[in-house]
Each structure stands twice: as C-alpha cells, then as structure tokens.
Amino acid sequence: MTDEQIARLPKAEVHLHLEGTITPETLWAMAAANHVALPVDSIHELQRLYTFTSFDAFIELWLLMCSCFRTPEDYELMVDGFLAECARQNIRYAELHFTPYNHERFGIGGRKALDIVTRRLSDAQASGGPVVRLITDISGESSGQSGDYTVTLLEEEANPLVVALGLGGPETGLPRAMFKEWFARARRAGYWTVAHAGETGGAEHVQQAVTELGVRRVQHGVRAAEDPAALRLLAEKGVCCDIALTSNECLKVVPSVAAHPLRRFMEAGVPVTLSTDDPPFFGTDLGREWRRARDELGLSTHELWELNLNGLRYGLAETATRRRLLLEFEQAARSILRA
Ligand SMILES: [Zn+2]
C-alpha cells in the first residue's frame, strides 16, 4: 500500500481517547485562558512533558490536562480539533473513549461535558462529518467513585451516541475482575462493554476482561501474547484487540514497533484493529500507524485493509450503520487500491 493510498482510503479508528486528542498548543492556550497554573514555564517545556518515561508520568499529564477544562467552549474546541483531524485523514468512523468522571471531578460536570460533546459530534455528522460513537470509560485510577458515577450515568441517560462502558487508566493493582459488578450493570442496561487490559497489566488481565467483564473488544491486549491460552481465548470468543503500535512503544509496553506481537495475534486468529490511542501524546496519527505496520511489521495491503474493516465489523454502532459504511469503504477501496 502506498503512502498516497493510505492517505486517501476511508478509515475507521476505534481506540482513541477524545481528551487524548488535545495538542500541547491547545492545552497551553486553554490553561492560559482559564488561569490554570501549569508546572512548566513555556510551551516548549510543555511539549517536552509530552515525551513520557513511564505510564505514571503519562497519567500525571493526563489529569493535569483534565484540570484545564473550565468552559463549554473548551469542550467544543476539543471536538473541533478531533473533527479536523478526521477530515484531514479521511477517518469516516470513530469510536471515542471519553471519561465523564474526570470532568465531574475537575471540570464543568460530567453530564454537561458529555452533552456538549454529543451535540457537537451529532451536528458534525449531520453536515457530512464522520460517524462517531462514544464509549464512556471508568477511570481506573479512581475506580470506586468513577465506577458508580459512570454506570449510574449510563443507566439514567439515553445519550444517542454512547454505545458502551469502557475501562481506562492504569492496571497495576487493579485486576479487571474488580470491575465486574459495574460491567454487569452496564450490560443489563443494554450497553456493550470494552476494557483496557494487557497494557500495564499481564495476560491474566486480558483473560479477566473476556471472562469476567464480557467485553466485545480489548484496548491494547498486547500482553496476551505472553500466554498462548489468553490468545486462544480471544480467538475462540472472537474478541478483537485494538492495537496502538506507537503508544505501546512510547509507554514501553514493547521495546520497539518491530518487536510488537501484532502478527502473532493475527496468526492466532485474534481479530485486531489499528488505532492511535492519544495521537499528540505519542506524536502520531492514524496514517503513520498504518505506515509503521507496513514498514516495521511487513503488513501487506490486504492485511492493512482487513484491519481497517475490522473497526467496522467489530464496531459497536448499530448494524445497519456499520454495514452501510462497510459497503462504502469497499467501494472506495476498489477504486483507490486498483489505481
Ligand atoms: Zn487507550
């Protein structure tokens, strides 16, 4: 697949955090406008903070970023930045992770934040923008309060874009099984479930996500490669792993993209997708993830395209919408990949 074909093809991205689309420049401007003190004196120092030495440093910056949201316009700015990237990269379907609890804790209120984001995304879709669905995440680092808060919100709201409960943040000391009751409540309320697992936690976290949380997809899941039984379980249950190569490299989940076990997942029959996770935090975009998968892991044109379609096949939007997009994607591929 050529760089030009990668740029032109319609794309699906299903593992992307809305708050993780905020660039250092936007964060700097937002902090200044809202009089939030940052632990740095210049935009250059802030840009340097976006280079992580550990997952803890990443979460620290993440929470600092969440504390800078103070007005409805901040949320609109964030959504507009995401939509501009979708237009630039021809991303036509996205599932966005969003963590209302952090905005309840730091910002203008979780439900209000979710409403603003939903309205902005719905308006964009109505005027030809991408189809976007939302996954509301429990934040692992504040699991108790965040779990109750997020699931109660799902039970009480009928948000037109929210399709699933998710689980984000750190895994250390937080076995996925610990979240079982909240996930059962979300499933009873009619939602899909997904969870981050096998990133900072081991293969047993991936197994727990499947067996205890009933997930449709796992975000990352990389460390399932350490246990053949975990890979077999994913393949047997048809649970898809949303892989983010550069994120895994930056946060030292793998030593390098070349050493990433993506191909072992594919050979084991585990469905996978390619995503960016938090593009400016890892200096990447979706096109770059495709190019790295091609150049550093040797994925063929056919394999890359199948991974893209998996975002729709294993996506959580209603079937008719995903089928329509699949047919549109296949039509575009016939003309772009043949040219
Ligand atoms: Zn993620």
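Counting starts at 1 for both ligands and their atoms, following the listed order. Note that these values count all heavy atoms, side chains included, but never hydrogens, waters or copies made by symmetry.
Looking at His15, its N, O or S atom nearest to the Zn ion (ligand 1) turns out to be NE2. Summary: NE2 is the N/O/S atom of His17 found nearest to the Zn ion (ligand 1).
Between Arg334 and Glu330, none of the side-chain N atoms (NZ, or NE/NH1/NH2) sits under 4.0 Å from a carboxylate O, so this pair counts as no salt bridge. Checked for salt-bridge contact, Glu212 and Arg176 miss the test: no charged N lies under 4.0 Å from a carboxylate O. Ion pairing between a basic and an acidic side chain is recognised when a charged N comes within 4.0 Å of a carboxylate O; Arg292 and Glu289 show no such pairing.
With Asp242 as the fixed residue, the side chain to side chain donor-acceptor pair (under 3.5 Å) test singles out one of His97, Gln219, His220: Gln219.
At a threshold of 2.8 Å, the Zn ion (ligand 1) has no backbone or side-chain N, O or S atom of His97 nearer than that distance. The Zn ion (ligand 1) has an N, O or S atom of Asp277 under 2.8 Å away, backbone or side chain. Taking backbone and side chain together, His220 holds no N, O or S atom under 2.8 Å from the Zn ion (ligand 1).
Side-chain atoms of Thr71 and Asp74 include a donor-acceptor pair closer than 3.5 Å.
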